[in-house]
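To start, the structure under review is shown below, and the notes come after it.
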Amino acid sequence: MSKIKLVSRDFKEKDTIINIGDVIVGSNTRIIIAGPCAIESKEQVLAAAQIVRLGGADIFRGGAFKPRTSPYDFQGLKEKGLEYLAEVRSITGMEVITEVLEPSAVPIVEQYVNVLQVGSRNMHNSPLLKAVGRSNKPVVLKRGIAATLEEWLLAAEYILYEGNQQVILCERGIRTFESSTRFTLDLSIVPNLKKLSHLPVIVDPSHATGWHELVSPMAMAALASGANGLMLEVHPNPTEALCDGVQSLHPAEYFDLMYKVKELQKFLCSIDNKKGYKILHRRINN
Ligand code: PEP
Ligand code: MN
């Protein structure tokens, strides 16, 4: 791992903490980013935002520029989508995140959102990494579907090298021989990244599994593995979604998961800094 410098724990021992408005990301905090895969219409995005806020997520997500596998699929509302996101922000007070697909779009996208997302398909796009590295907005950097831990950290290195220290890594599943899920969620990379890097790590169980029924259990597992948060796809009416409906949580599923997540967060906070061996030692000696 000799090529990894700025992102490594050897360079900076303490966890990086990132402030997004009032939301604090990193160390012992856990954040929830939720929203639809794509911004489809003003009605859809406002309905989704009310649901997401009611459930208690910290940040609203929604794609305005969609990197679709097929050119025939819905490509997003583009700038109109950005305007709707800004409206969500002013109506609900939630911070917002969206994906940026190309370097030239960074100055436009950053005017509308609080956080920039570099998607899986672009993790190796060094011109884009450099462009978001020159932005002063935090960046969620998703793992490429076939990227090793080292390649992913080197992609983050590009961003830090350009001056932007506010990078959040997002595990979203990798391509394996297993075809029963959309990708394979690699949860062991969470503690592995934490060992090697000071950057916050979040997990996206929606793209990783591809099935809405699998999102909740893997979301809980992700938090238990030490992740600093989750990115979830939620849609007011998944059966009508223009993109990723099958993996999108129904509102009721989202509310159920958020209840569990809040309870798990309380429990994790209560044990975060506990030294189990000391507690056991005291019990044995009393
Ligand atoms: C997304 O989060 O909207 C997305 C396209 O995810 P990924 O880049 O992980 O495929
Ligand atoms: Mn999606």
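As the structure lists them, so they are numbered: ligands from 1, and atoms in each ligand from 1. When a residue number appears, it is its place in the shown sequence, counting from 1.
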Side-chain donor-acceptor contact under 3.5 Å, His124 with Glu151: no
May I ask you to check whether Arg68 and Gln75 show a side-chain donor-acceptor distance below 3.5 Å? no
Would you say His207 and Gln247 are linked by a side-chain donor-acceptor pair, where the criterion is simply a distance under 3.5 Å? yes
Around the Mn ion (ligand 2), list the protein N/O/S atoms within a radius below 2.8 Å, excluding water molecules. Cys37 SG, His207 NE2, Glu233 OE2, Asp244 OD2
Glu40-His235 side chain donor-acceptor pair, cut-off 3.5 Å: yes
Would you please say whether a donor-acceptor pair under 3.5 Å links the side chains of Lys194 and Asn228? yes
Does a donor on one side chain sit under 3.5 Å from an acceptor on the other, for Thr176 and Glu178? no
First-shell residues of ligand 1 [heavy atom, distance under 4.0 Å]: Arg61, Lys66, Glu99, Gln117, Gly119, Ser120, Arg121, Lys142, Arg172, His207
Side-chain donor-acceptor contact under 3.5 Å, Ser188 with Asp186: yes
Does atom OH (Tyr161) have a neighbourhood of more than 12 heavy atoms from anything else shown, all under 6.0 Å? no
When you compare the side chains of Lys12 and Thr16, does any donor N or O come within less than 3.5 Å of an acceptor on the partner? yes
